[in-house]
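Letters A, B, ... mirror the listed sequences (proteins, then strands); counts begin at 1. The figures here come from the full heavy-atom set of this structure, side chains too, leaving out hydrogens, waters and symmetry mates.
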2 protein chains.
Amino acid sequence: MLSVKCLYRAVHTYKMIPMDNLIHHPMETSLSPTANRETPRDRMVQALSQAIHEHHLAPGTKLGEDELSDVFSVSRTVVRSALQSLAHENLVELKRNRGAFVARPTIREAREVFEARALLEPRTARSAAERMTPEGLAILEAHIEAEHKALAAGEAGKALRLSGQFHIEISRLADQTIIANFIEQLIARSSLVIALYWQRQSALCDKHAHHALMEAFRAADGKEAEALMTSHLVDIVSALDLRERPHGDTNLKDILSRIGGTG
Amino acid sequence: MLSVKCLYRAVHTYKMIPMDNLIHHPMETSLSPTANRETPRDRMVQALSQAIHEHHLAPGTKLGEDELSDVFSVSRTVVRSALQSLAHENLVELKRNRGAFVARPTIREAREVFEARALLEPRTARSAAERMTPEGLAILEAHIEAEHKALAAGEAGKALRLSGQFHIEISRLADQTIIANFIEQLIARSSLVIALYWQRQSALCDKHAHHALMEAFRAADGKEAEALMTSHLVDIVSALDLRERPHGDTNLKDILSRIGGTG
DNA sequence: ATATCCAAAACTGTATACAATTTTGTGCAC
DNA sequence: GTGCACAAAATTGTATACAGTTTTGGATAT
């Protein structure tokens, strides 16, 4: 039974190994004494975001405010603020007077997410390759390393999240902050799409894809990186089942069965 | 002296002619009795967003919570929620324990905004042209019409906002919701960039540019629309002064003079 | 037995009160 | 006269209490 209660574990996991989350924020300049100090709200956003990315919280899960305020030991004020943030990132859906739910991208949204990624990421990968530095290579290799470790340890969710962060890291290295933020949003939604529409029979294809990209980055071969990223994204989409479901009662019955029956 | 107080006018303007804001939301399906009812928070976001777009609120302006709660007659709870929304759209900047300020994009951010637009909008314009409908043409023409009226009435700010909404409308017609949202964010930030870096001597160039685009849309000529959009964006950037300021004390002195002296 | 309606419970939306932090103004020492 | 230190005022961060809406459960009538 998958519920918010498993956030206990998610929160603890987060607290015990925050390294993975900070791996891409190596230079935190402290301008003011308390300016960059993490607030309870930030911690909550981080933990929820991670739990969703790692598929510990399934799409459609109700995120009750009282429940969350208990789990995180903060007031509902903070909970609402965090939920609003996540809603802006399209990770949760806010329904007026109904509450917050982990977002359930429609098939159309799923298509659009990967269409947008196909538009942005290849060119970004090219940029990143062309301006690649030894430090950038080290960061990317560390991510792949961590992903392999997670996979070996059977932590599929964590591996999935790190796989996404690999893409985010690439966009950061391309030195285009705004586009990097867009890609970050898209990858967050991709995680939900994968949770909903991934078809089991397709093997995890991207293991060698990321390695191939690394080769292009080491060679600073922008054109190759762009081509590899394009085909990588095509591979991911082809592993999804985005056929429109035939009957219309999908909205009611199997949504509920999906929510209650997962995990 | 430009301050939050002029929001009184902004709010009233908004209340008296909300038509402009609803022009692109003609089909509001009411699924639930109160699901789509506008909340005070939405009204506030809308009013502030409009005021920033129309340059009634200059970049850097302090948005005090008490002040806003007075102006809009709501509690600080609602104010904070609205400010958080605007912060997510990069229209306001939240500084911890310092308050909210109308965002001041750096020169680098300004460049990135238009680089991202150059990446997204031409292809989007092409899509829109290829799937243009009579209804779409009517919407775009209505926008141009309204822009001309505003310009004739001397309402430069309103004209600027409508000019931006023309671009947003195009992206909506391209039927790519996610990319349309990205473009909407970029145009919001563009408005701040224009407020900060527009050089007076350059004439308003885009009058005929939008008309030329309309021609391409009427002809459903995607390739032409793409080319026109590309050159249109180049024109806008060339009307900006994005040279790095020579001396470093720009942060302190002329920011203050700019804030205090405008309006 | 089924459907409808009403009441109670649960939950979200909003306002207000309190705590913590930053800013500002004053006074003292050098 | 200048610089630093401390205190008061102002502003933001958080918690709690109350109001409005939705949901749920049962009772009643058909």
Side-chain angles (χ1 to χ4, degrees), chain A residues 3-5 7 30-48 60-88 92-103 251-252 255-256 259-260, chain B residues 3-5 7 30-48 60-88 92-103 251-252 255-256 259-260:
Chain A
S3 82
V4 177
K5 286 301 175 188
L7 270 176
S30 60
L31 300 169
S32 170
T34 67
N36 293 11
R37 206 169 56 198
E38 237 184 14
T39 62
R41 180 182 154 281
D42 294 330
R43 277 189 290 275
M44 189 170 170
V45 170
Q46 187 75 28
L48 281 175
T61 306
K62 171 81 182 280
L63 299 172
E65 297 184 358
D66 281 322
E67 201 170 4
L68 290 172
S69 70
D70 282 348
V71 172
F72 288 92
S73 301
V74 292
S75 75
R76 275 182 51 223
T77 309
V78 178
V79 172
R80 288 178 68 80
S81 175
L83 288 175
Q84 199 186 327
S85 280
L86 293 167
H88 272 284
V92 316
E93 205 174 335
L94 296 179
K95 302 186 179 178
R96 158 134 36 238
N97 290 320
R98 298 274 318 275
F101 304 82
V102 179
N251 291 341
L252 239 66
I255 281 179
L256 294 179
I259 293 172
Chain B
S3 82
V4 178
K5 286 301 176 190
L7 270 175
S30 59
L31 300 168
S32 170
T34 67
N36 293 11
R37 207 169 56 197
E38 236 184 14
T39 63
R41 179 183 155 282
D42 295 329
R43 277 189 289 275
M44 190 172 167
V45 169
Q46 187 76 28
L48 281 174
T61 306
K62 171 81 181 280
L63 300 173
E65 297 184 357
D66 280 321
E67 201 170 5
L68 290 172
S69 71
D70 282 348
V71 172
F72 288 91
S73 301
V74 292
S75 75
R76 275 182 52 224
T77 308
V78 178
V79 172
R80 289 177 67 80
S81 176
L83 288 176
Q84 199 185 327
S85 280
L86 293 166
H88 273 283
V92 316
E93 205 175 336
L94 295 180
K95 303 186 180 179
R96 159 137 28 244
N97 291 321
R98 298 273 317 276
F101 303 82
V102 179
N251 291 342
L252 238 66
I255 281 180
L256 294 178
I259 294 171

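- Rounded to a whole Å, the CZ atom of Arg43(B) is 13 Å from the C1' atom of dT14(C).
- Every residue two or more places apart in sequence or in another chain that forms a side-chain contact (heavy atoms from CB on, under 4.5 Å) with Ser85(B) is listed here: Gln84(A), His88(A), Arg41(B), Val45(B).
- A straight line from CZ of Phe101(B) to P of dT22(C) spans 13 Å, rounded to a whole angstrom.
- Remark: P of dT14(C) and CZ of Phe72(B) are 15 Å apart, rounded to the nearest angstrom.
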Inset, instruction - Scan nucleotides 6-15 of chain D nucleotide by nucleotide, 5' to 3', and note B when protein non-hydrogen atoms come under 4.0 Å of the base, S if they reach only the sugar-phosphate, - if neither. - result: ------BBBB

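- With sequence neighbours excluded, the residues forming a side chain to side chain donor-acceptor pair (under 3.5 Å) with Arg76(A) are Glu65(A), listed by chain and number.
- Partners of Ala103(B) according to the side-chain contact (heavy atoms from CB on, under 4.5 Å) rule, which considers only residues two or more places apart in sequence or in another chain, are Leu192(B).
- The closest side-chain heavy-atom distance from Arg43(A) to Val74(A) is not below 4.5 Å.
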Inset, instruction - May I have the step-by-step check of side-chain contact (heavy atoms from CB on, under 4.5 Å) for Leu83(B) and Leu68(B), ending in yes or no? - result: CA-CA 10 Å; Leu83(B) 288 176; Leu68(B) 290 172; 4.0 Å; yes

